[in-house]
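Each ligand, and each atom within it, is numbered from 1 in the order the structure gives. Values below: every heavy atom of this structure, side chains too, minus hydrogens, waters and symmetry copies.
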Amino acid sequence: MIRESIVTTRNADRSVHIAPMGVHVIDEALVIAPFKPSATLENLLREPRACINYPDDVRVYAGCLTDRREWPVCAAERIDGVRLQDCLAHAEVEVLRIEDDELRPRFHCCVVHEASHAPFHGFNRAQGAVIELAILVSRLGRLPREKVEREIEYLQIAVDKTAGAREWEAWEWLMAKVDSWRAEFEETAP
Ligand SMILES: Cc1cc2nc3c(=O)[nH]c(=O)nc-3n(C[C@H](O)[C@H](O)[C@H](O)COP(=O)(O)O)c2cc1C
């Protein structure tokens with residue numbers, strides 16, 4: 001099972017790095033699998049610990065892909081790290097072992113602390129749609145245009161029917177990125 005999460009690590013200068021990552025749940029372990037190259041990968045190699053955050057504000061996911069990474073953070077409780085201040089829950093993890101790979105090393109982690117901070121208010125289709133669009137945006141250069149357009153058309157239905165203000169804002173940030181990609185596409189078309 002994969003949980004779409006926000007992973008917070010520290011950069012070499014001790015500033016925080018915030019990145020959406022699909023965290024694999026394998027029995028009791030959580031596995032973070034960053035593609036090479038990535039800041040999260042470098043940070044985990046230097047300091048083998050992280051916080052895995054579960055926010056319901058999907059603007060954090062959309063923001064990280066649209067140069068809006070300034071989300072409030074606070075100190076973690078058990079590890080020398082930081083977590084998102086506004087999240088429903090978070091886990092603090094330490095790396096137990098690294099499975100190296102040319103493309104995508106896997107960091108097998110154990111949870112040393114978990115805490116809940118706010119109640120879960122149920123599933124919202126627009127939140128799921130924003131996360132799906134964020135994943136598409138993170139792969140724009142690598143996916144066929146027809147696939148991207150087809151998926152956006154489908155995801156838009158859930159947004160139109162169920163989004164609140166935060167989901168709309170996140171959707172619009174991501175769609176601005178899609179629009180720039182479309183424009184580039186038109187420029188390079190024969
Ligand atoms: C929901 C979601 C899940 C993602 N999962 C991963 C992942 O598991 N591994 C990865 O390398 N990038 C993943 N990405 C893309 C990264 O968040 C994005 O490319 C990131 O900026 C690169 O990592 P860095 O910021 O640590 O350099 C995901 C993006 C989204 C929106």
Step by step, work out the side-chain hydrogen bond (donor to acceptor under 3.5 Å, both in side chains) result for Glu99 and His108. CA-CA 8 Å; Glu99 206 182 313; His108 293 253; 2.6 Å; yes
Does any part of the side chain of Ile2, heavy atoms only, come nearer than 4.5 Å to the side chain of Val23, both counted from C-beta? no
With a 4.0 angstrom cut-off on heavy atoms, strictly below it, pick out the residues next to ligand 1 and order them by chain and number. Glu4, His17, Ala19, Pro20, Met21, Gly22, Ala33, Pro34, Phe35, Ser38, Ala39, Thr40, Leu65, Arg69, Arg104, Ile131, Ala134, Ile135
Should we count CG of Asp13 as having more than 12 external heavy atoms under 6.0 Å? yes
Report, as yes or no, whether the 6.0 Å neighbourhood of atom CZ on Phe123 holds more than 12 heavy atoms from other residues, nucleotides or ligands. no
Does any donor atom in the side chain of Arg3 or Ser5 lie under 3.5 Å from an acceptor atom in the other side chain? no
Looking at Lys147, I want to see if its NZ is surrounded by more than 12 non-hydrogen atoms of other residues, nucleotides or ligands under 6.0 Å. no
